[in-house]
Amino acid sequence: MRASHAIGEGPNTRVYLLRDGNKACVVNFKTGGSVGNSVGIGAWVQGLGGSRSADEGAYKYYAGPVKVTSSCVDWGGNYGPEYRWSNSPC
């Protein structure tokens, strides 16, 4: 794991960035009381100069994995329409 961040109140999810060299993978896991509910969840990653790879839906446990190959990536996730988080170092 390279980095992670909580999203929502409680928090409701935790989004993870995993790296293997230039390969990046993002997954957003529901946590606590949000596990198993039907609230939408999403994960996304975008390589420097590339297009965004995303997965979003009413998943019970997690969104993703979404993957790109790039030395620098912007990444993030959401829980429902109101809670979003992103990191954009590129």
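No experiment lies behind these values; they were computed from the predicted model shown.
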Would you say that [X] contacts [Y] through its side chain, given a criterion of any heavy-atom pair below 4.5 Å between the two side chains?
X: Y16; Y: V26; result: no
X: R19; Y: V73; result: yes
X: V15; Y: I7; result: yes
X: V39; Y: Y79; result: yes
X: V66; Y: C25; result: no

P89 to C72 - nearest heavy-atom pair and separation: C-SG, 4.1 Å
Closest non-hydrogen atom pair between G47 and V68, with its separation: N-CG2, 4.0 Å
side-chain contact (heavy atoms from CB on, under 4.5 Å) partners for A58, two or more places apart: none
State the [atom1]-[atom2] distance between [X] and [Y], to the nearest 0.5 angstrom.
X: N22; Y: L48; atom1: CG; atom2: CG; result: 11.0 Å
X: Q46; Y: S51; atom1: CD; atom2: OG; result: 7.0 Å
X: C90; Y: D74; atom1: SG; atom2: CG; result: 4.5 Å
X: D55; Y: N28; atom1: CG; atom2: CG; result: 10.0 Å
X: S4; Y: R14; atom1: OG; atom2: CZ; result: 4.0 Å
X: H5; Y: S86; atom1: NE2; atom2: OG; result: 10.0 Å

E9 atom CD, over 12 foreign heavy atoms within 6.0 Å: no
Side chains of N37 and K30, donor plus acceptor under 3.5 Å: yes
Pairs meeting criterion ring-ring contact (aromatic ring centres under 6.0 Å, His included) with involvement of residues 41-67, two or more places apart: F29-Y62
Check against side chain to side chain contact (heavy atoms under 4.5 Å, CB included), E56 and N78: CA-CA 9 Å; E56 187 169 1; N78 69 282; 3.3 Å; yes
T13 side chain vs I41 backbone, donor-acceptor pair below 3.5 Å: no
Co-membership, hydrophobic cluster, residues Y83 and V27, 4.5 Å side-chain: no
